[in-house]
Amino acid sequence: MPRPAKQESVVFDLVEANGSGGDAFDDTFNDAFGDANGAANQAGGGPDVPAAPLSQPPAGFPRLSRRTWVLTAAAVTVVAVTVAAVDLVRDHRRAELMRTSPVGVESLADAPAETWAVRFDTPVEQGQDTSMNQQVVIMDGLLVVPPTNARSYWVDPVQGPGEPVLPGFDEVVAIDPAEGGVAWRVPLGEDPTCGPTGYDASTSTDVLVCVHGADDAREVLAIAPDGSTRTRSAELAEGEHVFPGPDGTAVRTIRTGDPAGAVKCDASSGACSSESMTTGRDLLVTAEDAGTGVERWTSTVEFDPMNSMNCQGTFDSAVDPDVVVVSAGAETVVVDGCGVSATLSADGIRLDLVGDASLAAPAWVTRIGPGRFAVEAKWLGTTVVDETGKTLHTLDGSIRTDATSPDAPADLWFVKTTTETSGFEAVREDGSVAWSERYGRSVLLAGRDVVVVNRGNRVVGLERATGAELWSWSSDDLTEMIPFRTLTDGETAALEYLSRDGSGDGLLVTLDLDTGKQLWHMPLTGPAIAVGGHLVEFTPEGVRGLG
């Protein structure tokens with residue numbers, strides 16, 4: 001159980017009983033105090049001091065009646081029990097709050113041990129690279145793991161495309177993060193892709209959309225939190241593609257306008273018949289309900305000239321003027337292809353064209369909270385917008401989007417200025433600077449009272465209100481590792497370090513947020529995430545719970 005939160009002093013008043021006078025107080029208090037003092041001396045629990053005469057209470061104590069003394073003792077007992085109960089309630093509320101956050105763990109007071117394990121359908125083979133790149137999504141408290149995609153984006157000039165067998169599940173698998181039971185499994189056809197998903201537990205959805213099947217017979221499959229499904233044919237037109245989208249949608253893309261002239265590139269030299277694609281076709285993006293096919297919105301992404309090498313196909317050395325890839329976040333649709341790049345909200349709003357971003361397209365859009373996005377335009381700062389594209393803030397720099405404890409106030413943005421190579425400023429929502437950090441490389445955790453910062457060879461805790469350094473921690477065991485993720489229970493920061501070579505081997509270190517004292521550490525064989533307040537690790541063999 002986590003240690004109790006710090007308590008304020010409890011003060012209560014002593015009230016005389018009705019009709020009781022000071023003389024009655026003397027007798028009761030002297031009896032009680034004399035008996036207690038004499039018992040303590042007989043037990044040898046204190047100095048050999050004679051008990052005070054019954055007619056004289058010790059200095060500094062009031063003269064109380066017997067009834068008042070009994071009531072006082074009862075009041076002290078009630079207060080002690082009440083404080084303990086308040087601590088339990090606070091612990092319970094804090095644990096509940098942590099369960100709502102992708103970085104929250106119910107308790108990190110003690111080093112965890114394996115409580116359950118679910119083995120992959122395809123585990124890592126002996127000698128195979130153990131790096132993990134598994135995407136997941138949370139559905140009604142369940143950890144849902146789509147099948148790994150064996151498609152390789154590495155093309156050997158001689159051997160051609162690689163065909164690795166990646167570790168993972170063959171189906172969509174839902175796991176109870178508390179007990180490790182498999183709630184359900186949904187099989188998929190060839191070349192599956194599912195969304196929305198993410199590389200941690202920050203993405204939640206009520207509908208997981210998967211697209212699978214042969215190129216000429218793609219199907220759209222909608223999966224509910226209980227594992228029930230609804231499937232339909234994608235019925236693609238020539239040149240049309242379909243991808244999973246956010247909010248229970250499937251996203252169709254198709255090029256419009258005249259076909260661009262063919263541009264060829266030599267794979268060995270990298271030379272192209274033309275260095276840039278000056279002409280190309282626009283992209284029509286359509287979002288439809290994944291289950292019914294009913295259209296929700298459309299948007300046209302106009303073609304922008306770009307370097308020909310950026311239009312190279314996945315497996316082919318020749319330029320594909322129509323290549324496009326769509327990825328779905330919890331609230332966004334990201335389109336990236338030859339001459340087209342856009343980030344749209346779940347309602348089809350172009351988030352990358354707000355503020356000054358349109359002057360320096362393409363813009364980088366990052367989700368920084370529910371319904372909030374940071375639109376970063378190179379050298380032009382960042383515009384914070386909502387899902388409708390409304391500008392909420394304008395910042396001179398980029399927001400450092402790292403782990404935020406669910407009990408932390410939303411009072412500060414941590415902004416890296418465009419002119420500094422390191423450090424950041426803690427900026428209030430009105431744009432004023434609360435304090436500056438000169439040496440920090442990244443914010444590892446924005447906590448309720450403490451901001452944990454990576455300074456390269458050291459980790460420091462800064463007071464959230466002032467930026468003053470509270471503590472510093474370092475370890476020689478981390479020279480070949482880099483910080484990967486931070487988890488918290490509100491009182492402890494669990495720093496996850498993985499190997500620089502991407503092997504997945506790492507270390508989980510916990511620090512007290514108040515003092516920076518190291519509490520415990522444990523080895524990791526893969527990345528760990530927080531799911532519903534539980535700690536879950538992806539290993540080369542499968543998924544395991546730590547508790």
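Put simply, the side chain of Glu295 never gets that close to the backbone of Ala287: no donor and acceptor are under 3.5 Å apart. At least one donor-acceptor pair under 3.5 Å links the side chain of Thr382 to the backbone N or O of Gly397. At distances below 3.5 Å, at least one donor-acceptor pair connects side-chain atoms of Thr205 with backbone N or O atoms of Val207. In this structure, the side chain of Trp116 engages the main chain of Pro177 through a donor-acceptor pair within 3.5 Å. Distance alone, capped at 3.5 Å, is enough to place a donor-acceptor pair between the Thr100 side chain and the Leu97 backbone. Side-chain atoms of Thr332 do not come within 3.5 Å of backbone N or O of Val334 as any donor-acceptor pair.
In terms of heavy-atom proximity, Leu108 sits nearest to Asp489 at N-OD2, 2.9 Å. The two residues Val251 and Pro244 come nearest to each other via the heavy atoms CG2-O, 4.5 Å. Cys210 and Val172 make their closest contact through SG-CG2, 4.2 Å (heavy atoms, listed as atom of the first residue, atom of the second, distance). Between Leu507 and Val509, the closest heavy-atom pair is CD2-CG2, 3.7 Å. Scanning both residues, Thr115 and Gly547, for their nearest heavy atoms gives CG2-N, 3.7 Å. Shortest non-hydrogen contact noted between Val324 and Val340 is CG2-CG2, 4.5 Å.
Between Val285 and Val301 there is a side-chain heavy-atom pair separated by less than 4.5 Å. Using a 4.5 Å cut-off on side-chain heavy atoms (C-beta onward), Asp386 and Leu392 make contact. Contact check for Leu142 versus Trp184: side-chain heavy atoms found under the 4.5 Å cut-off. Side chains of Val136 and Ile529 form a contact here, defined as non-hydrogen atoms less than 4.5 Å apart. Side chains of Arg350 and Asp352 form a contact here, defined as non-hydrogen atoms less than 4.5 Å apart. Proximity of Arg485 to Asp200: side-chain heavy atoms (C-beta onward) are separated by under 4.5 Å at one or more points. When side chains are defined from C-beta on, Ser499 does not count as touching Glu480, because their heavy atoms never get closer than 4.5 Å. Side-chain contact between Val543 and Leu143 is present, with at least one heavy-atom pair separated by less than 4.5 Å.
Using a 4.0 Å cut-off between a side-chain N of Lys or Arg and a carboxylate O of Asp or Glu, Arg94 and Glu106 do not qualify as a salt bridge. The pair Arg185-Asp121 counts as a salt bridge, with a side-chain nitrogen and a carboxylate oxygen less than 4.0 angstrom apart. Between Asp322 and Arg281, at least one side-chain N (NZ, or NE/NH1/NH2) sits under 4.0 Å from a carboxylate O, which counts as a salt bridge.
Taking CG of Leu283 as the reference point, atom NE2 of His241 lies at 9.5 Å (rounded to 0.5 Å). In this structure, OG1 in Thr286 is found 8.0 Å from CZ in Arg252, a value given to the nearest 0.5 Å. To the nearest 0.5 angstrom, Leu344 atom CG is 8.5 Å from Ile349 atom CD1. Rounded to the nearest 0.5 Å, atoms CG (Leu444) and CG (Leu487) are 11.5 Å apart. Distance OG1/Thr203 to CE/Met139: 12.5 Å, rounded to 0.5 Å. The distance from the OG1 atom of Thr256 to the CG atom of Asp282 is 4.5 Å, given to the nearest 0.5 Å.
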*Step by step, would you call Glu429 with Arg372 a salt bridge (Lys or Arg N to Asp or Glu O under 4.0 Å)?*
CA-CA 13 Å; Glu429 290 195 0; Arg372 285 190 174 188; 3.8 Å; yes

*Determine, step by step, whether Leu188 and Asp170 satisfy the side chain to side chain contact (heavy atoms under 4.5 Å, CB included) criterion, reporting the C-alpha distance in whole Å, the side-chain angles of both residues, the deciding distance to 0.1 Å, and the verdict.*
CA-CA 8 Å; Leu188 296 177; Asp170 297 333; over 6 Å; no

*Could you check Arg296 against Asp289 for salt bridge (Lys or Arg N to Asp or Glu O under 4.0 Å), going step by step and ending with a plain yes or no?*
CA-CA 7 Å; Arg296 293 190 184 180; Asp289 185 277; 3.0 Å; yes

*Please assess Thr231 against Val220 for the test side chain to side chain contact (heavy atoms under 4.5 Å, CB included), listing each intermediate value before the final yes or no.*
CA-CA 6 Å; Thr231 187; Val220 178; over 6 Å; no

*With side chain to side chain contact (heavy atoms under 4.5 Å, CB included) as the test, would you mind laying out the steps for Val145 and Phe538 before giving the verdict?*
CA-CA 11 Å; Val145 187; Phe538 282 85; 4.2 Å; yes

*Test ring pair (Phe, Tyr, Trp, His ring centres under 6.0 Å) on Phe120 and Phe169 and set out the steps.*
CA-CA 5 Å; Phe120 282 147; Phe169 295 114; 5.0 Å; yes

*Dump the intermediate steps for salt bridge (Lys or Arg N to Asp or Glu O under 4.0 Å) on Arg232 and Glu288, then the final yes or no.*
CA-CA 13 Å; Arg232 62 182 177 85; Glu288 61 188 23; 2.7 Å; yes

*Begin from the C-alpha positions of Leu546 and Met522 and carry the test side chain to side chain contact (heavy atoms under 4.5 Å, CB included) through to its verdict.*
CA-CA 11 Å; Leu546 300 174; Met522 65 173 293; 4.0 Å; yes

*Residue pair Ser228, Asp226: steps toward the side chain to side chain donor-acceptor pair (under 3.5 Å) verdict*: CA-CA 6 Å; Ser228 59; Asp226 62 358; 2.7 Å; yes

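Identified under the salt bridge (charged side-chain N to carboxylate O under 4.0 Å, His left out) test for residues 537-547, with sequence neighbours left out: Glu114-Arg544, Glu537-Arg544. For residues 210-235, the set of pairs meeting the ring-ring contact (aromatic ring centres under 6.0 Å, His included) definition, not counting sequence neighbours, is empty.
For Arg119, the salt bridge (charged side-chain N to carboxylate O under 4.0 Å, His left out) test picks out no residue, with sequence neighbours left out. Judged as a ring-ring contact (aromatic ring centres under 6.0 Å, His included), and not counting sequence neighbours, Phe243 has no contacts. Residues passing the side chain to side chain contact (heavy atoms under 4.5 Å, CB included) test with Thr404 are Ala408, Ala446, sequence neighbours excluded. Qualifying ring-ring contact (aromatic ring centres under 6.0 Å, His included) partners for Phe303, counting only residues two or more places apart in sequence or in other chains: none.
Atom CD of Glu96 is surrounded by more than 12 heavy atoms from other residues, nucleotides or ligands within 6.0 Å. Annotation: Glu179, atom CD; neighbour count of heavy atoms from other residues, nucleotides and ligands within 6.0 Å does not exceed 12.
Using modelled atom types, one finds a donor on one side chain and an acceptor on the other under 3.5 Å when comparing Trp364 with Thr366. Looking at Ser405 and Asp407, their side chains do bring a donor and an acceptor atom within 3.5 Å of each other.
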